[in-house]
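Structure, as structure tokens:
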Amino acid sequence: MLKSKKAVVTGSTSGIGLAIARQLARNGADIVINGFGDADEIERTRAAIEAEFGVRAVYLNADLTRGDDTRRFIEEAVKALGGIDILVNNAGIQHTALIEDFPVDRWDAIIALNLSAVFHGTAAALPHMKKQRWGRIINIASAHGQVASEQKSAYVAAKHGVMGLTKVTALETAGQGVTCNAICPGWVRTALVERQIEALAQKNGSDIETAARELLAEKQPSLEFVTPDQLGQAAVFLCSDAASQMTGAHITMDGGWTAR
Ligand code: NAD
């Protein structure tokens, strides 16, 4: 379905981004992966995508907390793949603290990566997409793009910002073959959440699996984690012809979190 499409997924060396990259590749797209991690492991991940799905997979290292580097990264990706059809703005980080205790450097880093990198990446990708009159921008927001939780000021502010930016991008590209949508996951058991489970286990003096159940119980009525692959399949849908009139919208996959 996505054969000959060229996709860039930020923060795709692990977690949700990696699952999205693999689902896009499974459907035939060439892929640029990006993110931090052990060099050998990243190379194994990249090579596995090529071997399993018969597509091109390129790894490009870039710290997307810096705007200039983010724009340069997109141009490098365009050169490496020979174009860009799909941009998944996925890279994200978390930090939890009360507003009055929130370290300023954590606030700045979260806003830079979770919000500003979406702006810079989109700004660099759009001229290519508008010119070819086809493009898909998918922003990985969160249940926290719709509702708040205490101790997550920077993350909630950034994700609400991403929801607004998604709508502006949709309006500025409407009727030009380009769509922009968000995906709003609830709890997904990745490294980002594992750290929060560990913190809860420590706070409550419980074991990790008990803490995982407590974490779910607090927010997610299904009491089950969303899987990275389910989010990958949602991203594939947003790239399909069936979704060509879906823009400025969001897909919520949160086990009922935002329904109450
Ligand atoms: P993760 O920690 O598993 O993956 C984050 C990815 O971003 C990694 O590849 C990491 O190397 C990369 N990254 C981190 N800092 C970077 C930087 N400065 N420049 C470039 N890449 C960087 O986390 P995840 O849970 O897979 O999160 C992916 C996205 O999904 C994030 O935007 C997150 O906010 C969002 N999300 C996650 C959950 C969840 O429950 N896990 C829920 C809702 C939304």
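Atom set for the values below is all heavy atoms of this structure, side chains included, hydrogens, waters and symmetry mates excluded. Each ligand, and each atom within it, is numbered from 1 in the order the structure gives.
- In terms of protein heavy atoms, atom 43 (C) of ligand 1 is closest to Pro185 O, 3.4 Å.
- For ligand 1, the atoms sitting less than 4.0 Å from at least one non-hydrogen atom of Trp187 are 40 (O), numbered in the order shown with element in parentheses.
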Handout entry: Test log, rule salt bridge (Lys or Arg N to Asp or Glu O under 4.0 Å), inputs Arg46 and Glu43
Key = CA-CA 5 Å; Arg46 187 204 65 76; Glu43 173 50 24; 2.9 Å; yes
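- Counting only N and O atoms by type, the side chains of Asn34 and Ser12 include no donor and acceptor under 3.5 Å apart.
- Side-chain contact of Asn114 with Gln94: a donor-acceptor pair under 3.5 Å is absent, judged by distance alone.
- Judged by the shortest distance from any of its heavy atoms, Asp63 lies inside the 4.0 Å radius around the atoms of ligand 1.
- Interface of Ser12 with ligand 1, defined as ligand atoms under 4.0 Å from a residue heavy atom, comprises 9 (O).
- Thr173 and Lys130 are not linked by any side-chain donor-acceptor pair at a separation below 3.5 angstrom, with hydrogens and angles left out of the test.
- Of the protein's non-hydrogen atoms, Gly11 O, 3.4 Å is the one closest to atom 6 (C) of ligand 1.
- Heavy-atom contacts of Phe36 reach the following atoms of ligand 1: 11 (O), 15 (N), 16 (C), 17 (C), 18 (N), 19 (N) (cutoff under 4.0 Å).
- Listed here is the closest heavy atom pair of Arg71 and His120: NE-ND1, 3.0 Å.
- When only non-hydrogen protein atoms are considered, atom 5 (C) of ligand 1 lies nearest to Gly92 O, 3.9 Å.
- Of the residues Ile138, Ile74, Val9, the one that meets the side chain to side chain contact (heavy atoms under 4.5 Å, CB included) test with Leu87 is Ile74.
- When only interatomic distances are considered, the shortest N/O to N/O separation between Ile93 and ligand 1 does not fall below 3.5 Å.
- Of the protein's non-hydrogen atoms, Thr190 OG1, 2.4 Å is the one closest to atom 25 (O) of ligand 1.
- Distance check: Ile197 CD1 to Glu214 CD gives 10.5 Å after rounding to the nearest 0.5 Å.
- Checking Asn114, Leu192, Leu113 against atom 14 (C) of ligand 1, the nearest heavy atom belongs to Leu113.
- Within the listing of ligand 1, atoms 11 (O), 21 (N) sit less than 4.0 angstrom from a heavy atom of Gly35.
- For a threshold of 3.5 Å applied to N or O pairs, the pair formed by Gly17 and ligand 1 contains no separation below that value.
- Trp187 and Trp257 have tilted rings, their planes meeting at an angle from 30° to 60° on a 0 to 90° scale.
- Taking all heavy atoms of Asn90, Val162, Val188, Ile140 into account, the minimum distance to atom 32 (O) of ligand 1 is reached by Asn90.
- Of all protein heavy atoms, the one closest to atom 19 (N) of ligand 1 is Leu64 N, 3.0 Å.
- In terms of polar-atom proximity, Ala143 is not counted as a contact of ligand 1, lacking any N or O under 3.5 Å from an N or O of the ligand.
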Practice task
Take Phe102 and His95, measure what ring pair (Phe, Tyr, Trp, His ring centres under 6.0 Å) needs, and give me the verdict at the end.
Solution key: CA-CA 8 Å; Phe102 213 91; His95 185 84; 5.4 Å; yes
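- Taking a cutoff of 4.0 Å between a charged side-chain nitrogen and a carboxylate oxygen, Glu50 and Arg22 do not qualify as a salt bridge.
- Considering only non-hydrogen protein atoms, atom 34 (O) of ligand 1 sits nearest to Tyr155 OH, 2.6 Å.
- The side chain of Lys159, and not its backbone, has at least one atom closer than 4.0 Å to an atom of ligand 1 (non-hydrogen atoms only; side chain from C-beta on).
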Handout entry: Candidate pair Asp69 and Arg72, rule salt bridge (Lys or Arg N to Asp or Glu O under 4.0 Å), full reasoning
Key = CA-CA 5 Å; Asp69 286 355; Arg72 205 167 18 246; 2.5 Å; yes
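- For ligand 1, the atoms sitting less than 4.0 Å from at least one non-hydrogen atom of Gly15 are 3 (O), 26 (O), numbered in the order shown with element in parentheses.
- When hydrogens are left out, the protein atom nearest atom 9 (O) of ligand 1 is Thr13 OG1, 2.8 Å; that is the closest non-hydrogen contact.
- At least one heavy atom of Ala62 sits less than 4.0 Å from an atom of ligand 1.
- Heavy-atom separations between Ser14 and ligand 1 include at least one value shorter than 4.0 Å.
- Annotation: atom 37 (C) of ligand 1 to nearest protein heavy atom, Ile16 CD1, 3.5 Å.
- Nearest-residue assignment for atom 42 (C) of ligand 1 (options Ala91, Ala141, Ser142, Gly186; heavy-atom criterion): Gly186.
- Close contacts between ligand 1 and Val193 involve ligand atoms 39 (C), 40 (O), 41 (N) [criterion: under 4.0 Å to a heavy atom].
- Side chains of Thr227 and Asp229: a donor-acceptor N/O pair is absent below 3.5 angstrom, by distance only.
- Inspection of the Gln196 and Lys152 side chains reveals an N or O donor paired with an N or O acceptor under 3.5 Å.
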